[in-house]
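Since we're looking at a predicted model, the values are computed, not measured.
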Amino acid sequence: MRSLKEFINYAEKIERDFSHISLYLFLRLFGPRFTQKYFTFSPIVRRTKARILWLHKQIVARFGQEAADSFVFDYLTAKPRALDYAITLVATGAHYPSTDALSASITAISATAKRNTDRSIALVSALLERGDIELALGVVAEFKDNAHPVSFVDWNSLVHSLAPRYLFETSPAKSWSPDNMLPGQCKSRLILMDEKLSPAAIKSLATGAERVTLLQYGDLYGRIDLETVQAVLPGIEIAVEHGRSRIDRFQQQYFDIHRKTLEAAEALSKSFIENSPWLEQFVPGIRDFDKDLTLELSDKLFFKALRIEAVYQAVIDPAFDSVVVSFGESFELYRFFFSDPILWQSSRIKGCCRTQKIKTATKFSSRIAEMQRRATVGSRDPILGEIAAKEDLIEINADLEPSAKVKEYLESAAKSNGKTTRSDLKARKNIAFVAHDSRAYMGTSVQIATHLNERFDVDILATQGNPANLQKAIRSAQKDPYLSGPQEGRSLGLIKVSAKVPSKVIAKEFSDVFLPAVADATRRLFLSHNGDLSFRTTLDCMLTEGLPETVLHVMGNARAIATHLVDQNYSAIAISPIRSPRNAQFATIARAVGIPSIAIEPHCLTAAYCRYGTVLSDYAAVYSDYFAEEYDRHFGIPHGRCYTFGSPRIMRPTDYSPLDSRKEARKKIGLHEGDPPIIAFATQPMPAEHILAVWRMIIRAAKALDMPVRVILKRHPEEGPGHIERYRQIIADENAGNLCYVADVDIKDLLIASEVVLTCYSTTAIEAAILERNVAIVSLDGIEYPMPWHEVLGVPFCTDSGKISELVSDVLLAGPTGTTWVTNFKEANPELFDNSTFSRLAAIVDDVVAKGPQGIRTSDELPSTLFVTAPFREYLV
């Protein structure tokens with residue numbers, strides 16, 4: 001199977017290369033018209049979105065906009081697919097055809113579209129997405145009078161789906177005009193998107209608003225491309241919110257959501273296990289399964305509740321006199337808005353369905369009608385009715401056993417991967433290294449595994465994500481400058497150790513057993529949270545779709561992991577990071593089969609963040625003794641079971657010289673000889689009023705200096721375009737455009753290039769210390785941070801611009817050979833400055849292997865809670 005997949009990938013690569021080359025040559029030799037015909041009708045060239053956009057861009061660059069327009073119009077009158085209208089008329093962005101140019105060709109385009117129902121709907125949808133309402137209505141009028149097949153489309157309902165209408169409207173309008181297709185005039189509009197919308201669609205929904213705020217449901221980082229949206233809405237103030245904009249990690253509300261969803265996960269896990277006597281035969285001999293299940297359910301419920309609560313907080317904000325919701329395929333926002341009459345009967349909230357998925361758009365009107373019917377009769381929490389119906393069936397059939405398909409799924413999950421190949425070096429122990437494809441830690445985890453493979457036979461066990469991404473990270477890790485040289489023994493192994501995600505059919509059949517098993521617990525949860533709209537919506541949606549599949553998958557994973565560990569008989573299991581529930585499951589199962597486990601922390605954690613899990617492995621490897629004490633106090637693992645080794649994320653470059661390195665780093669970030677010295681400011685996600693006030697304080701401190709400097713702000717990876725715009729606005733307000741910059745540069749290059757590093761509570765502080773740069777913590781007066789880096793590092797803590805100016809001035813006057821503020825920290829922690837991280841870690845794993853099964857913690861020694869035990873307190877509120 002693997003070789004077949006590799007062959008398919010190789011064949012696709014050949015086709016891709018051939019297509020690009022042939023299209024490029026035809027474009028140069030014969031021009032865009034011939035190339036369009038070749039592209040449209042060639043049986044060997046695939047018409048993908050990326051390829052259409054690439055070809056369109058090539059035509060614009062070589063032949064101009066008019067030729068690109070001709071390409072689009074010829075293509076759409078030849079052999080278009082339904083998805084091609086949105087690609088060519090919308091996704092081409094700044095270079096899509098103008099309304100005037102499109103008007104001249106719309107008759108021919110619609111004549112082709114009306115031969116097929118999906119194409120006709122797609123054309124109208126694309127026109128409305130562009131904001132070409134008159135064109136769209138003209139096409140609809142033509143289609144309504146047309147013979148088979150598009151005359152059968154309910155055009156009134158479809159246009160009703162695409163135009164923002166009040167949620168309480170019970171029937172579509174009989175006729176449409178451009179005026180009643182627009183959302184109306186307002187001062188401040190919230191545009192809530194269930195799915196990503198194009199800038200053109202956002203422009204259409206923003207019509208009539210003086211100010212616009214964008215919130216994409218499910219987004220926790222504000223990833224909307226603000227610059228592109230701003231380009232189509234010049235002169236309008238645009239803000240971007242996300243899932244944590246109003247509910248920060250260190251707010252009481254965030255903790256309350258965590259507590260409620262954890263309690264719900266515990267109740268559901270306990271109820272399911274107690275009411276499923278058949279479970280023993282499918283999860284045999286595995287203790288603490290309830291912990292693994294609770295962790296997974298808690299994560300699922302928490303992040304869903306956080307996203308829904310973010311929507312709720314934004315929607316009820318009276319600062320928005322207009323709210324437009326673009327619904328998508330998911331049923332979650334439907335259920336949320338129709339769970340409370342205050343929302344669905346509001347005269348400030350309108351809904352539409354601007355998705356590019358045709359079937360979703362055509363279902364919108366009927367979905368709204370059904371939700372209105374339920375809301376009108378007062379039907380809340382549909383899942384309770386579904387549970388009652390399933391309970392009735394069980395009483396009739398007296399059958400609490402899972403179906404044959406569910407049993408078959410669980411049996412197949414225990415299929416063996418077969419023995420992995422060992423190296424010829426007999427003294428080498430075989431080690432499992434548990435990782436997964438995650439944006440934040442994948443590279444670091446693979447780097448650790450690569451170094452351990454110098455001393456052990458290491459198999460990376462992938463728990464989730466795309467193994468191809470891990471393969472790419474493995475290839476990249478071979479170039480790691482910290483590797484000692486060519487590796488002996490065998491190469492890193494990579495094995496996907498997880499059950500397949502159950503199909504919708506199997507998950508549905510499993511829900512027939514799961515939901516009745518948790519029926520009483522579910523009813524108690526709804527009763528105890530009667531007034532909590534976000535929690536009730538979360539529970540209703542997740543029990544309907546999500547949790548049954550998750551529970552079944554956790555069971556399948558338990559069987560898959562157990563089978564693999566027994567087959568391979570590893571000497572030890574390393575897990576990095578352990579706080580992913582699927583990764584943590586390995587610690588439970590390793591304990592059951594007698595293999596010691598160690599959690600290797602790739603970062604620096606603080607228990608102030610309530611969502612960090614306690615450590616369920618037998619040992620932990622952490623950055624320094626400070627964190628070993630933190631783990632002992634709050635993470636449920638004794639200091640004596642914690643090893644200190646540093647962190648691969650915080651290391652000095654090889655052959656690093658604190659003095660000589662600065663010149664080269666300045667070149668890397670674009671500075672020239674004679675440019676002023678640098679003050680670097682690394683931000684951290686936190687309430688806007690605080691971080692912006694600190695940024696203003698830093699700018700004023702720099703302006704007060706009697707010497708030239710350059711202040712460079714590096715945003716945190718979790719901050720999006722909206723944050724950048726706010727930082728730049730402060731620069732403009734302070735008239736500091738010649739002094740301060742927001743730069744997208746490598747953080748390590750920036751730190752090395754700097755004279756002074758300022759930060760709030762980012763781990764950048766410790767990285768700057770390791771690089772022997774003067775670092776200071778900055779804050780507003782009276783504000784405490786969840787991580788006291790100034791105490792850990794022994795560096796200044798500044799709460800006013802005068803203090804910052806004084807410190808920076810002292811550093812610059814002392815020159816590059818002056819004593820740094822981190823001297824005492826270096827003297828107390830010399831092992832963190834010698835780049836021995838990986839060799840120390842290998843020695844740690846050696847020690848774990850030597851202790852063997854005798855070092856495994858008993859169940860009584862495990863932490864009593866699944867999450868950190870530090871008393872919660874609010875920060876930055």
Side-chain angles (χ1 to χ4, degrees), residues 433-434 441 444-445 448 451-452 572-580 583-584 587 591 596-651 761-763 765-767 769-770 785-795 822 824-851 855-858 861-871:
F433 191 97
V434 181
Y441 299 110
T444 303
S445 296
I448 294 171
H451 280 271
L452 288 177
I573 293 179
I575 308 171
S576 181
I578 198 172
R579 53 187 174 274
S580 161
N583 287 5
R591 181 173 300 108
S597 61
I598 179 170
I600 300 176
E601 178 49 52
H603 206 31
C604 300
L605 304 189
T606 170
Y609 176 36
C610 62
R611 283 291 300 170
Y612 283 141
T614 48
V615 177
L616 301 176
S617 56
D618 303 312
Y619 306 95
V622 298
Y623 184 77
S624 68
D625 198 59
Y626 174 90
F627 293 97
E629 293 174 2
E630 182 87 341
Y631 271 47
D632 183 78
R633 286 194 301 269
H634 302 304
F635 285 79
I637 187 165
H639 191 293
R641 286 184 173 270
C642 288
Y643 299 87
T644 60
F645 80 109
S647 170
R649 288 165 64 101
I650 306 174
M651 291 182 66
Y761 62 94
S762 169
T763 51
I766 199 165
E767 187 166 11
I770 297 301
Y785 287 144
M787 184 65 200
W789 281 118
H790 59 291
E791 295 178 7
V792 177
L793 301 174
V795 298
V822 298
N824 291 337
F825 177 75
K826 180 179 180 181
E827 291 175 354
N829 301 275
E831 72 281 359
L832 299 180
F833 291 77
D834 61 7
N835 279 357
S836 62
T837 289
F838 295 113
S839 59
R840 291 204 305 273
L841 183 59
I844 289 167
V845 175
D846 252 338
D847 192 52
V848 171
V849 170
K851 290 176 179 176
I856 293 176
R857 286 203 280 181
T858 65
E861 295 177 284
L862 294 177
S864 58
T865 62
L866 292 173
F867 290 89
V868 292
T869 54

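- Each of L832, I766, T837 was scored for a side-chain contact (heavy atoms from CB on, under 4.5 Å) with I650, with one residue passing: I766.
- In this structure, the side chain of R840 engages the main chain of E831 through a donor-acceptor pair within 3.5 Å.
- Residues F838 and P648 form a side-chain contact, since some pair of their non-hydrogen atoms from C-beta on lies under 4.5 Å apart.
- Using a 4.5 Å cut-off on side-chain heavy atoms (C-beta onward), E601 and Y623 make no contact.
- For the atom pair CG (D834) and CG (N829), the distance works out to 11.0 Å, reported to the nearest 0.5 Å.
- The backbone N or O of S576 sits less than 3.5 Å from a side-chain atom of S445, completing a donor-acceptor pair.
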Exercise for the section: Any chance you could lay out the side-chain contact (heavy atoms from CB on, under 4.5 Å) test for T763 and H603, step after step, and finish with the verdict? Expected result: CA-CA 8 Å; T763 51; H603 206 31; 3.3 Å; yes
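- Using a 4.0 Å cut-off between charged nitrogen and carboxylate oxygen, E767 and R649 do not count as a salt-bridge pair.
- Rounding to the nearest 0.5 Å places NE2 of H639 at 12.5 Å from CZ of F627.
- In terms of modelled atom types and a separation under 3.5 Å, the side chain of E861 and the main chain of T858 share a donor-acceptor contact.
- Not one N or O on the side chain of E630 forms a donor-acceptor pair closer than 3.5 Å with the backbone of T606.
- We find that R641 and D618 are not joined by a salt bridge, their nearest charged nitrogen and carboxylate oxygen being 4.0 Å or further apart.
- No hydrogens or angles considered: a donor-acceptor pair under 3.5 Å links the side chains of D847 and Y643.
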Validation: residues 786-793 side-chain donor-acceptor distances under 3.5 Å, sequence neighbours left out:
unit_1, atom_1, unit_2, atom_2, d
W789, NE1, Y761, O, 3.2
W789, NE1, S762, O, 3.3

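- For R857, there are no salt bridge (Lys or Arg N to Asp or Glu O under 4.0 Å) partners, not counting sequence neighbours.
- Under the 30°/60° scheme for interplanar angles, the aromatic rings of Y609 and Y612 are found to stand perpendicular.
- With hydrogens and angles ignored, the 3.5 Å screen pairs no side-chain donor or acceptor of T614 with any backbone N or O of V868.
- Between the side chain of T869 and the backbone N or O of H634 there is at least one donor-acceptor pair closer than 3.5 Å.
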